[in-house]
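From a predicted model like this one, the values you see are computed outputs, not experimental measurements. For the single chain, residues carry numbers from 1 onward in sequence order.
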Amino acid sequence: MTTERTTRGGEQRATEPTRGLSRRDEPRGAARKAALLAGLAVLLAGSALAACAAAPPRLHPVFPERPAAVKPRGRILFVLSAAREQTLGDRSKRATGTFLGEFYEPYLALTGAGHEVVFATDGGAAPAIDPESLDERYWEDEARRAQAQRFVERAPQIRAPLSLKRARAAADSFDGIVVPGGQGVMVDLLDNADLHALLAHFAVKDQPVGLICHAPAVLTRMRQPNPLSRRTVTSVSSFEEFYIETFVMGAEAQVRDIGEQLEDHGYDHEAAFPGSAHALRDCNLVTSQNPFSTDRFSALYLEALADYRHGARCASRGRP
């Protein structure tokens with residue numbers, strides 16, 4: 001697999017979370033941008049990055065010695081962003097929200113497999129959809145995009161979602177949780193205590209936790225250690241962040257360098273070639289890199305759900 005490692009060999013890692021805009025020294029920032037521009041030239045030239053092995057999962061599913069009764073299909077909680085505006089590093093503002101395909105494609109996969117999906121947002125507000133996610137480049141066909149837009153506009157369950165507080169009170173009624181990406185996550189979900197508590201609740205019960213694209217950044221704001229600490233994960237890559245900021249947003253995000261922050265907090269972060277489909281499963285934790293990874297994410301998440309329903313628990317492989 002082609003990967004982009006964020007690890008900087010031999011450096012001492014910070015133990016406290018980075019808040020707000022990442023403060024990097026100027027020489028390092030200039031070197032980073034130069035490296036990313038060089039990578040863009042390689043991409044445009046059609047060259048391939050050198051392959052390297054991904055870090056193995058920290059945990060793996062262990063099944064009962066005697067087959068247990070299969071749990072019935074239960075409800076899955078989808079937590080969406082309701083943030084409609086984002087402030088960038090230069091203090092300009094842009095419309096934001098949940099990335100449409102990153103929630104709609106997994107929603108179709110899970111409901112198609114017989115699972116009920118329940119939506120929740122901060123305060124129970126109707127979710128916001130990032131305008132960028134409507135661009136045709138993120139969709140295989142126009143019909144699917146139109147179908148997703150109609151669903152957001154008309155479906156009662158998404159127009160009137162649960163509040164995160166109500167979802168937290170009803171956490172035992174769900175079998176798992178999915179948090180789709182989009183820059184809106186960085187506005188109203190990144191430091192949300194109710195979401196942090198929900199993630200820890202599902203993780204400690206070995207129930208599936210799915211974090212897509214920007215959503216793995218939430219792991220850096222949870223209290224450490226927690227049941228998801230030190231896992232192998234992926235997220236939007238530094239190259240993809242740079243591309244989005246340069247060609248879509250027009251300025252740097254206030255919260256960025258997500259892969260580096262995950263490494264700083266003890267996670268093994270792996271990112272594949274920019275724009276490729278890439279998702280990882282570390283027992284009950286499933287993460288994915290970008291909007292093109294939803295099919296792979298959905299397949300891995302359904303695997304984790306099936307294992308949970310068959311009584312699997314997460315055990316260590318003995319890694320330090």
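- Distance CD/Glu102 to OG1/Thr294: 7.5 Å, rounded to 0.5 Å.
- Val286 and Val185 fall into different hydrophobic clusters, where Ile, Leu, Val, Met, Phe, Trp and Tyr are joined by side-chain heavy atoms under 4.5 Å apart, directly or via other members.
- Listed here is the closest heavy atom pair of Phe292 and Gly275: CD1-O, 3.4 Å.
- Taking hydrophobic clusters as Ile, Leu, Val, Met, Phe, Trp and Tyr residues chained together by side-chain heavy-atom distances below 4.5 Å, Val118 shares a cluster with Leu189.
- If you check the side chains of Glu240 and Gln289, you find a donor sitting under 3.5 Å from an acceptor.
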Go through Gln157 and Phe151 one step at a time and tell me if the side chain to side chain contact (heavy atoms under 4.5 Å, CB included) criterion holds.
-> CA-CA 10 Å; Gln157 66 268 39; Phe151 180 78; 3.8 Å; yes
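- Under the 4.5 Å side-chain contact rule for hydrophobic residues, Phe99 and Val248 do not share a cluster.
- Salt bridge Arg58/Asp282: absent, no basic N to carboxylate O contact under 4.0 Å.
- Proximity of a side-chain donor or acceptor of Ser293 to a complementary backbone N or O of His278 within less than 3.5 Å is detected.
- Geometrically, Arg75 engages Phe174 in a cation-pi contact defined by less than 6.0 Å to the ring centre and at most 45° from the axis.
- With hydrophobic clusters built from ILVMFWY side chains whose heavy atoms lie under 4.5 angstrom apart, Leu262 shares a cluster with Val209.
- Under a cut-off of 6.0 angstrom, the local environment of NE2 in His310 is sparse, with at most 12 non-hydrogen atoms contributed by other residues, nucleotides or ligands.
- Distance CG/Asp268 to CG/Leu280: 10.0 Å, rounded to 0.5 Å.
- Taking CE of Met249 as the start and OH of Tyr243 as the end, the distance is 14.0 Å to the nearest 0.5 Å.
- Between Asp130 and Arg94 there is a salt bridge, since a side-chain N of the basic residue sits under 4.0 Å from a carboxylate O of the acidic one.
- In this structure, the side chain of Asn290 engages the main chain of Ser276 through a donor-acceptor pair within 3.5 Å.
- Arg231 CZ to Leu59 CG: the interatomic distance, rounded to the nearest 0.5 Å, is 4.0 Å.
- Of all heavy-atom pairs between Pro61 and Arg281, the closest is CG-NH2, 3.9 Å.
- Below 30°, between 30° and 60°, or above 60°: for Phe103 and Phe119 the angle between ring planes is above 60°, a perpendicular geometry.
- The structure places NE2 of His115 at 5.5 Å from CG of Leu302, a figure rounded to the nearest 0.5 Å.
- Listed here is the closest heavy atom pair of Pro274 and Phe239: CG-CD2, 3.4 Å.
- Closest non-hydrogen pair, Ala125 versus Pro161, comes out as O-CG, 3.2 Å.
- Not one N or O on the side chain of Arg145 forms a donor-acceptor pair closer than 3.5 Å with the backbone of Leu100.
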Test Ile76 against Val178 for side chain to side chain contact (heavy atoms under 4.5 Å, CB included), laying out the working first.
-> CA-CA 7 Å; Ile76 308 300; Val178 174; 4.2 Å; yes
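- When side chains are defined from C-beta on, Lys205 counts as touching Asp172, because their heavy atoms get closer than 4.5 Å.
- With Tyr308 contributing its side chain and Pro208 its backbone, the two residues share no donor-acceptor pair below 3.5 Å.
- The main-chain N or O of Ala82 is found under 3.5 Å from a side-chain atom of Arg84 such that the two form a donor-acceptor pair.
- Across Ala271 and Ser235, no two heavy atoms sit closer than the pair CB-O, 4.5 Å.
- Contact check on Arg309 versus Asp175 returns no salt bridge, with no Lys/Arg side-chain nitrogen under 4.0 Å from an Asp/Glu carboxylate oxygen.
- Counting heavy atoms from C-beta outward, Arg144 and Glu105 have side chains that approach closer than 4.5 Å.
- Heavy-atom contacts from other residues, nucleotides or ligands closer than 6.0 Å to CZ of Arg159 number more than 12.
- Side chain of Glu136 to backbone of Leu134: no donor-acceptor contact under 3.5 angstrom is found.
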Go through Val218 and Val179 one step at a time and tell me if the side chain to side chain contact (heavy atoms under 4.5 Å, CB included) criterion holds.
-> CA-CA 10 Å; Val218 175; Val179 186; 5.5 Å; no
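- No side-chain heavy atom of Ser288 sits less than 4.5 Å from a side-chain heavy atom of Arg296.
- Between Pro127 and Val152, every side-chain heavy-atom pair lies at or beyond the 4.5 Å cut-off.
- For the pair Val62 and Ala315, the tightest heavy-atom approach, listed with the atom from each and the gap, is CG2-CB, 3.5 Å.
- For the side chain to side chain contact (heavy atoms under 4.5 Å, CB included) test with Phe202, the passing option among Leu285, Leu228, Ile177 is Ile177; the others fail.
- Heavy-atom contacts from other residues, nucleotides or ligands closer than 6.0 Å to CD of Glu140 number 12 or fewer.
- Put simply, the side chain of Met222 does not reach to within 4.5 Å of the side chain of Pro227, judged on heavy atoms.
- With Thr287 contributing its side chain and Leu211 its backbone, the two residues share no donor-acceptor pair below 3.5 Å.
- Note on ring orientation: taking the six-membered ring where Trp is involved, the planes of Tyr107 and Phe78 are perpendicular (angle over 60°, cut-offs 30° and 60°).
- In this structure, the side chains of Val255 and Arg221 come closer than 4.5 Å at one or more pairs of heavy atoms.
- Between Gln207 and Leu77, every side-chain heavy-atom pair lies at or beyond the 4.5 Å cut-off.
- Just one of Glu241, His214, Glu245 meets the side chain to side chain donor-acceptor pair (under 3.5 Å) condition when paired with Arg256; it is Glu245.
- Distance check, rounded to the nearest 0.5 Å: CG of Asp122 to CG of Asn192 gives 5.0 Å.
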Could you walk me through whether Arg91 and Gln254 pass the side chain to side chain contact (heavy atoms under 4.5 Å, CB included) test, one step at a time?
-> CA-CA 9 Å; Arg91 311 312 300 174; Gln254 288 196 8; 2.8 Å; yes
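- Hydrophobic clustering of Ile, Leu, Val, Met, Phe, Trp and Tyr side chains at less than 4.5 Å, counting indirect connections, keeps Val79 apart from Tyr301.
- Thr96 places a side-chain N or O within donor-acceptor distance of the main-chain N or O of Gly184, the cut-off being under 3.5 Å.
- By the neighbour-count criterion of 12 heavy atoms within 6.0 Å, atom CD of Glu142 is densely surrounded, having more than that number from other residues, nucleotides or ligands.
- In this structure the side chain of Leu199 never reaches within 4.5 angstrom of the side chain of Asn226, judged on heavy atoms.
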